[in-house]
2 protein chains.
Amino acid sequence: MSIDKENVSINELAQKLGLKMPTVTSMMQKLAADRLVKYEKYKPIHLTEKGKKEAGLIIRKHRLTEMFLVEVMKFGWEEVHDIAEQIEHINSPVFFKKMDEMLGFPEHDPHGSPIPDRAGNIKQAVRHPLCDFNSGESVVITGLARSEDDFLKFLNRKNIGLGTVLNILEKEEYDGSMKLKHGKKELLLSRPVCEELFAEIASGT
Amino acid sequence: MSIDKENVSINELAQKLGLKMPTVTSMMQKLAADRLVKYEKYKPIHLTEKGKKEAGLIIRKHRLTEMFLVEVMKFGWEEVHDIAEQIEHINSPVFFKKMDEMLGFPEHDPHGSPIPDRAGNIKQAVRHPLCDFNSGESVVITGLARSEDDFLKFLNRKNIGLGTVLNILEKEEYDGSMKLKHGKKELLLSRPVCEELFAEIASGT
DNA sequence: ATAAAAACTTAGATGCGTCTAATAATATAT
DNA sequence: ATATATTATTAGACGCATCTAAGTTTTTAT
Ligand SMILES: [Mn+2]
Ligand SMILES: [Mn+2]
Ligand SMILES: [Mn+2]
Ligand SMILES: [Mn+2]
């Protein structure tokens, strides 16, 4: 579940939610009555500012929970999404406040996505896919474009996680794959994978 | 929320659940169809064995959660019930398994109530109210008959918790109150309070 | 034993979320 | 441009949980 586009169609929503279109239409009409969504007949739908805050508050609970599950309860980053999907709906400010404190007020979840602030605002940083960097550069992995668990398990097998430092040895012209140095080992990542890994130039030495 | 009697009336259930009687009647008819409850017109209602197991599994999640909130997240025992009331409905065996492991497979919740086993069975120990003990005896507090938070806060003020050792100095005939020694201090507890505290003879020294 | 009160059940109404079928608007292809 | 396909809306049906009103059974009081 994640629709990050500004505008969505009734159709897309129906698909993702596993509902029929008329159901979504009437949902949107109700959300519009609450001013959470802008809805006009036959037009694409988008969240209002109020709606974004409201959504941000749930995303905050989701991501804090994921962080808690990984850092405190020692779950793997590939295990936490489904659990957080449920806990995000718990109504207890003090519960999430305590999580936040225990975690030292983290700004990112275990997959590198930003945790919205207490008002529900998301700080959107610019993110650079690994494939945009050049050979010779040394980069740190800071985030993921997808966090489906097959992708996360793939990264586990390759020993890649947030904070992993990679030296770019070569970029293959033909298929866009990259040869990288990871610690002492060499590693080849295909183009689609490189597109789904966000990175920054490594700061230290 | 807690109805510990074997048999309940439609009326009581309606009261506790904040619903009207006909609503509860139809609920009971549905639960009876699932063999979770024994229901006959105009007769008191009780859980079947299947129903008790099912209930036990939810109580297990509730009490494990309360323990987790107190031991891991450092909430006070008076804060945890309402949060656990929500988290008990999370569907994630691995989540509660992890809690259980982190806590070292506890057998009691923070209020001294037993945690049902993985099959939903509750081990019912005999419990002795403080007022049944006699002067001269030294006892440990092992449980509570009620865990409403006003009662828990009262016990906090008196510095009484699970494991607290009390020496019974005197039992007042007239009103059934008890004079106790708690560490170096003396303490007077009224009859109603003594009835709601469970205790055992202190083992040590 | 009889009457009155309380508890309980049944029948039918209402609200809500979902669906299907029919219709309308918009987008795509020829 | 016109026809066709896709997307969206509306109207009305259905299931489900709840309620009120009316009638029945059981309990309590006299
Ligand atoms: Mn997630
Ligand atoms: Mn969710
Ligand atoms: Mn509780
Ligand atoms: Mn609950």
Side-chain angles (χ1 to χ4, degrees), chain A residues 1-55 57-59 61-62 82 84-92, chain B residues 1-55 57-59 61-62 82 84-92:
Chain A
M1 186 70 31
S2 93
I3 301 178
D4 245 9
K5 289 178 304 182
E6 264 296 290
N7 293 290
V8 242
S9 68
I10 296 278
N11 216 342
E12 285 169 285
L13 286 172
Q15 303 286 316
K16 303 255 185 191
L17 297 173
L19 297 169
K20 303 296 178 180
M21 286 198 302
T23 306
V24 174
T25 301
S26 81
M27 279 177 163
M28 290 310 120
Q29 288 166 345
K30 252 166 288 196
L31 289 173
D34 293 348
R35 305 285 164 215
L36 293 167
V37 127
K38 183 79 189 300
Y39 169 75
E40 290 174 289
K41 278 190 193 183
Y42 301 105
K43 296 263 179 65
I45 292 146
H46 59 270
L47 291 171
T48 60
E49 277 313 305
K50 188 183 173 204
K52 280 182 192 159
K53 294 252 169 101
E54 204 78 8
L57 289 174
I58 296 181
I59 294 171
K61 291 194 283 180
H62 181 95
D82 290 352
E85 198 72 20
Q86 296 183 63
I87 296 192
E88 71 191 1
H89 300 112
I90 299 285
N91 176 14
S92 172
Chain B
M1 188 68 34
S2 94
I3 300 178
D4 245 8
K5 288 177 303 183
E6 263 296 290
N7 294 290
V8 242
S9 68
I10 296 277
N11 214 343
E12 285 168 285
L13 286 172
Q15 304 285 316
K16 304 255 183 189
L17 298 173
L19 298 169
K20 304 295 178 179
M21 285 199 299
T23 306
V24 173
T25 299
S26 81
M27 280 177 162
M28 291 309 119
Q29 290 166 345
K30 250 164 288 197
L31 289 173
D34 293 348
R35 307 283 165 217
L36 292 167
V37 126
K38 183 76 189 301
Y39 169 76
E40 291 174 288
K41 279 191 190 179
Y42 300 105
K43 296 262 177 66
I45 293 147
H46 60 271
L47 291 171
T48 61
E49 277 313 304
K50 188 183 173 203
K52 279 180 194 162
K53 294 250 170 103
E54 203 79 8
L57 290 174
I58 296 181
I59 293 171
K61 291 194 283 179
H62 181 95
D82 290 352
E85 197 71 21
Q86 296 183 65
I87 295 191
E88 70 190 3
H89 300 113
I90 299 287
N91 176 15
S92 173

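Everything numeric here is computed off the predicted structure, so don't read it as measured data. Every chain is numbered from 1 and lettered A, B, ... according to where its sequence line falls, protein lines coming before strand lines.
Checked against D:dT9, D:dC19, C:dC8, the side chain of A:Met21 finds its nearest nucleotide in D:dT9. Closest to the side chain of A:Pro22, out of D:dT20, C:dA21, D:dA8, is C:dA21.
Sorted by residue number, the members of residues 28-47 of chain B with any non-hydrogen atom under 4.0 Å from DNA chain C read B:Gln29, B:Tyr39, B:Lys41, B:Tyr42.
When every heavy atom of A:Ser92 is checked against every heavy atom of B:Gln86, the shortest pair comes out as CB-NE2, 4.5 Å. B:Asp34 and B:Lys50 make their closest contact through O-NZ, 2.8 Å (heavy atoms, listed as atom of the first residue, atom of the second, distance). Pairing each heavy atom of A:Ile10 with each of A:Met21, the nearest pair is CG2-O, 3.8 Å. When all heavy atoms of B:Met27 and B:Leu19 are compared, the closest pair comes out as CE-CD1, 3.6 Å. What you find for A:His89 and A:Lys61 is that their closest heavy atoms are C-NZ, 4.3 Å.
Rounded to whole angstrom, the span from the CG atom of B:Asn11 across to the P atom of D:dT25 amounts to 19 Å. For A:Lys20 and D:dG12, the NZ to C1' distance is 18 Å, given to the nearest whole Å. B:Met27 places its CE atom 16 Å from the C1' atom of C:dT9, with the value rounded to the nearest Å. Rounded to an integer number of Å, the gap from A:Gln15 CD to D:dA8 C1' is 13 Å. Atom pair B:Leu13:CG and C:dA7:P shows a separation of 13 Å (rounding to whole Å applied).
OP1 and OP2 of D:dA17 both lie 4.0 Å or more from every side-chain N or O belonging to B:Thr23. Listed pair B:Thr25 / C:dT9 meets the phosphate criterion, a side-chain N or O lying under 4.0 Å from OP1 or OP2.
Residue-level contact check: A:Ser26 touches the bases, meaning some heavy atom is under 4.0 Å from a base atom.
In this structure, the side chain of B:Lys43 does not engage the main chain of B:Lys38 through any donor-acceptor pair within 3.5 Å.
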